[in-house]
Amino acid sequence: MAASDGALPGSSATVDVAVDVERPASPDHGDLATNLALRLARPLGLAPRVIAEAIAARMGPGSSSGSTLIESATVAGPGFINLRFTDAALERGLGAALAAPMSWGRVASGGRARHVNVEFVSANPTGPLTIGNARGAFAGDLLCRVLEAGGQQVTREYYFNDSGAQVRNLGASVLALREGREVPEDGYHGDYVADLARAIPAEALAPAGATDEDAAWSAGRWASEQIRAGIEASLGTLGVHFDVWKTEGSLHAEGWVERAIERLRGSGHLYEQDGALWFRSTSFGDDKDRVVIRSNGEPTYFASDLGYVTEKFSRGFDHLIYIWGADHHGTVARVRNAAEAMGFDKAAVEMILTGWVRFVRDGVEVSMSKRAGNFVTLDELLSEIGVDAARWFFASRGANMNIDFDIELAKKQSSENPVYYVQYAHARIASILRKAREVGLAAATDLGGVAADGPDGALARVVVRYPEVVEDAAAAQETQGVTTYATDLATAFHAFYRDAKVVDAADPVTSGRRIALVEATRVTLANALGLLGISAPDSM
RNA sequence: GCGCCCGUAGCUCAGUGGAUAGAGCGUUGGGUUCCGGACCCAAAGGUCGCAGGUUCGAAUCCUGUCGGGCGCGCCA
């Protein structure tokens, strides 16, 4: 625009540059900043500050292109243009939070929402979930929540094997204990196996005269379903609820694996060698080809993957996300390659690999083996540190990061954990609002002036940022930004509380406006915590 | 050997190419006449593993290198 009215010489041509608009780190730099002029400097052949001055002059109040939402546009540093919101812009944001608290910050899906399938945990039911499964459970659920907040439709899915050798093995271990024998060397040794041995009902036992093999399968099927139900209950206490529990066996029984293989064969990417059936994964950049059907006629786990991808897409999902441990990174390429070979969009098949959690107790790493029965269950962990603290811990760290989790430290610091800091701010506000009701004060509908400079404006500026935080989190598929923001908002509130009196019968007008501001803050804190699956208590 | 992930304050971690690299914990010092002191204010603490490169600008992108983790089955 500056070019078209002649303020900038010799540049009526169209230029195409990528421009960033962002939140400055320092409040001194206003509410928004753009590097527009820095990016235009090269194509226009002009000094960045010259361009910036010309543009800023046309964005401020009273200018032809000025907005009622922009208080000022100033040039700073090498050529940044810093914008400052007007009170009206801030009040519009507060008003939105107060008018529709439930949807405040949630991104409305324009048109048809993208359907996403998120598969996570997927631990086979041969033992209770351990702290080793915590990462996947929380990372998966947090991802789902952030996608939902971003306007997408999410299906949470748990995949497990109810018919593999592990099940027979489990059954053999249960039967051994029930009959007073030693658990086989390669069997399962946890206390839960003994519990199952005591509880197994007659119906789950094979009829007299059955082979040991049949007896083990029968007991194993019963035991694994008990364990699966226990896993579902454990996840429930974490606030993680799955929409679909899918078995590997069903993929074979319903013909999905077979159809997937035919699909691959039809595309010419299968060949036989050494009596086995191979997928030519190397055609897609993998380091080696992969066996689909073993020479003994048994399909591989990879074959099930093929069937599962096909089955998932048949349900109409636009996007598939797998949450896997970092040790599975070697299988990412082959599954995505196979999806492509079967004619699906490779970009629609996404794997998120979680980093390792090194659990530590009093400085000593907690090592675990499910088979040896030497492990800490998820239930035990949660009973020690609480769901809210655990959720916050994982939400505030990148999913792919290797992290340390000191259980004793988490317990010891629980009262100083950032999650309680944020919850405390919420409880404090709830208390203030109760107080206001007691003295007959209510939120003002006219916010006029509440967002002016001073403690009120500083708080309002943080509150109105919330929708952008959610949008960024959904786009990045990460939650760290939400925890950081929630902490910032709590800090802003505590500072406001120090400097401003909310409930003041002597000044009902200011009180009314501040009650509205504080209520908007409470709604925002509650929504941010809710987005992470963390409670927002009215007292604590 | 090849491949992938990770190296940021004493500790645990944020930081989608931007301005003076942040938070919590820990350390040091200070703050209650008033709506919740699980709070607030201040200070100390950094070669962003190292070395090059790309550019107006790099913790961020590229290359190399060191350190840690993981993976390289007709296992799941």
Side-chain angles (χ1 to χ4, degrees), chain A residues 18 20 22 24-26 28-29 33-35 38-39 41-42 47-48 76-80 82 124 161 164-166 248 273-278 286-288 290-305 325-333 353-356 358 360 393 396-398 400-406 409-410 412-425 427-436 438-439 441 472-473 475-476 478 480-481 483-484 487-488 490-491 493-495 497-505 511 514-515 518 539-540:
Chain A
D20 298 313
E22 59 185 24
S26 162
D28 296 340
H29 297 139
T34 176
N35 61 356
L38 291 163
R39 286 287 155 75
R42 180 171 290 264
F80 291 103
N82 294 333
N124 280 332
N161 187 357
Q166 298 171 91
E248 185 180 351
Q273 185 179 312
D274 302 331
L277 188 65
W278 298 70
D286 203 351
D287 9 6
K288 56 185 72 170
R290 307 293 174 177
V291 172
V292 178
I293 306 283
R294 290 188 269 260
S295 53
N296 67 4
E298 290 287 316
T300 61
Y301 185 84
F302 176 53
S304 301
D305 281 338
D327 53 337
H328 283 70
H329 70 76
T331 63
V332 170
L353 302 176
T354 60
W356 295 106
R358 186 169 163 271
V360 172
F393 181 88
S396 60
R397 289 152 170 80
N400 66 332
M401 295 290 290
N402 297 328
I403 55 182
D404 280 10
F405 194 125
D406 190 315
L409 211 58
K412 200 180 334 176
Q413 297 180 345
S414 65
S415 64
E416 290 145 23
N417 189 306
V419 70
Y420 298 109
Y421 176 79
V422 175
Q423 289 181 321
Y424 179 70
R428 214 176 192 186
I429 293 174
S431 172
I432 291 172
L433 295 174
R434 279 193 298 271
K435 191 84 174 182
E438 281 169 26
V439 300
L441 289 170
D472 288 351
E478 299 268 23
Q480 305 95 282
T483 57
T484 303
T487 307
D488 286 349
T491 299
F493 168 72
H494 288 307
Y497 177 85
R498 180 193 66 228
D499 297 328
K501 180 136 178 103
V502 179
V503 179
D504 183 0
S511 282
R514 284 182 169 164
I515 289 167
V518 156
S539 66
M540 54 193 290

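Letters A, B, ... mirror the listed sequences (proteins, then strands); counts begin at 1.
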Nearest-angstrom distance, [atom1] atom, [N] to [M]:
| N | M | atom1 | answer |
| --- | --- | --- | --- |
| U27(B) | U65(B) | C1' | 36 Å |
| U54(B) | C2(B) | P | 27 Å |
| C74(B) | C11(B) | P | 43 Å |
| U55(B) | A9(B) | C1' | 29 Å |
| U8(B) | C50(B) | P | 10 Å |
| C56(B) | U63(B) | C1' | 23 Å |
| C41(B) | C4(B) | P | 45 Å |
| G71(B) | C40(B) | C1' | 50 Å |

So does [X] reach the base of [N] with its side chain, donor to acceptor, closer than 3.5 Å?
| X | N | value |
| --- | --- | --- |
| S295(A) | C74(B) | yes |
| H329(A) | G3(B) | yes |
| N82(A) | A19(B) | yes |
| H494(A) | C39(B) | no |
| D327(A) | G71(B) | no |

In terms of side-chain heavy atoms of [X], which of [options] is nearest?
| X | options | answer |
| --- | --- | --- |
| N400(A) | C13(B), C6(B), A76(B) | C6(B) |
| R397(A) | A76(B), G3(B), C13(B) | C13(B) |
| Y420(A) | G24(B), A38(B), C35(B) | A38(B) |
| V502(A) | C40(B), G7(B), C35(B) | C35(B) |
| D404(A) | G17(B), A14(B), U12(B) | U12(B) |
| K501(A) | A38(B), C35(B), A19(B) | C35(B) |
| W278(A) | C56(B), G7(B), C74(B) | C74(B) |

Output the rounded distance in Å from [atom1] ([X]) to [atom2] ([N]).
| X | N | atom1 | atom2 | result |
| --- | --- | --- | --- | --- |
| M540(A) | G37(B) | CE | C1' | 13 Å |
| N402(A) | A14(B) | CG | C1' | 16 Å |
| E298(A) | G73(B) | CD | C1' | 16 Å |
| I403(A) | G7(B) | CD1 | P | 13 Å |
| R358(A) | C70(B) | CZ | P | 12 Å |
| N35(A) | U55(B) | CG | C1' | 13 Å |
| Y424(A) | A38(B) | OH | C1' | 6 Å |

Give a yes/no on whether any side-chain N or O of [X] is located under 4.0 angstrom from OP1 or OP2 of [N].
| X | N | value |
| --- | --- | --- |
| N417(A) | C25(B) | no |
| K288(A) | C2(B) | no |
| Y497(A) | C41(B) | no |
| Q480(A) | C13(B) | no |
| R294(A) | C75(B) | yes |
| R290(A) | C74(B) | no |

Should [N] form a Watson-Crick or G-U wobble pair with both distances under 3.5 Å, which nucleotide is its partner?
| N | value |
| --- | --- |
| C35(B) | none |
| G3(B) | C70(B) |
| U27(B) | A43(B) |
| U63(B) | A51(B) |

Which atoms form the tightest heavy-atom contact between F302(A) and V291(A), and what is the distance?
->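 Distance-wise, the nearest heavy atoms are CD2-O, 3.7 Å.
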Heavy-atom pair with the smallest gap, counting every atom of S539(A) and R434(A) | CB-NH2, 4.4 Å
Do R397(A)'s NZ or CZ and the ring of F393(A) fall within the cation-pi criteria of under 6.0 Å and 45°?
-> yes
Looking at Y497(A), does the NZ or CZ of R428(A) lie under 6.0 angstrom from its six-membered ring centre and within 45 degrees of the ring axis?
->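 R428(A) over Y497(A) ring: yes.
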Tell me, with the steps shown, if F80(A) and N35(A) meet side-chain contact (heavy atoms from CB on, under 4.5 Å).
-> CA-CA 5 Å; F80(A) 291 103; N35(A) 61 356; 4.2 Å; yes
Reckon [X] touches a base, only the sugar-phosphate, or nothing at all at heavy-atom distances under 4.0 Å?
| X | value |
| --- | --- |
| D287(A) | nothing |
| L277(A) | nothing |
| S539(A) | base |
| A430(A) | nothing |
| A276(A) | base |
| A495(A) | nothing |
| E22(A) | sugar-phosphate |
| S396(A) | sugar-phosphate |
| A33(A) | base |
| D472(A) | base |
| A427(A) | base |
| G398(A) | sugar-phosphate |
| S431(A) | base |

Face-to-face stacking of H29(A) with A19(B), centres under 5.5 angstrom, angle under 30° = yes
Would you find a donor on one side and an acceptor on the other, under 3.5 Å apart, between the side chain of [X] and the backbone of [Y]?
| X | Y | value |
| --- | --- | --- |
| N417(A) | V419(A) | yes |
| S511(A) | V502(A) | yes |
| N124(A) | N161(A) | yes |
| S431(A) | A427(A) | no |
| T300(A) | V292(A) | yes |

RNA chain B: 5'-proximal contact among F393(A) and Q273(A) (nearest heavy atom) = F393(A)
Upstream residue (5' side of RNA chain B) when W356(A) and R428(A) are each assigned their closest nucleotide | R428(A)
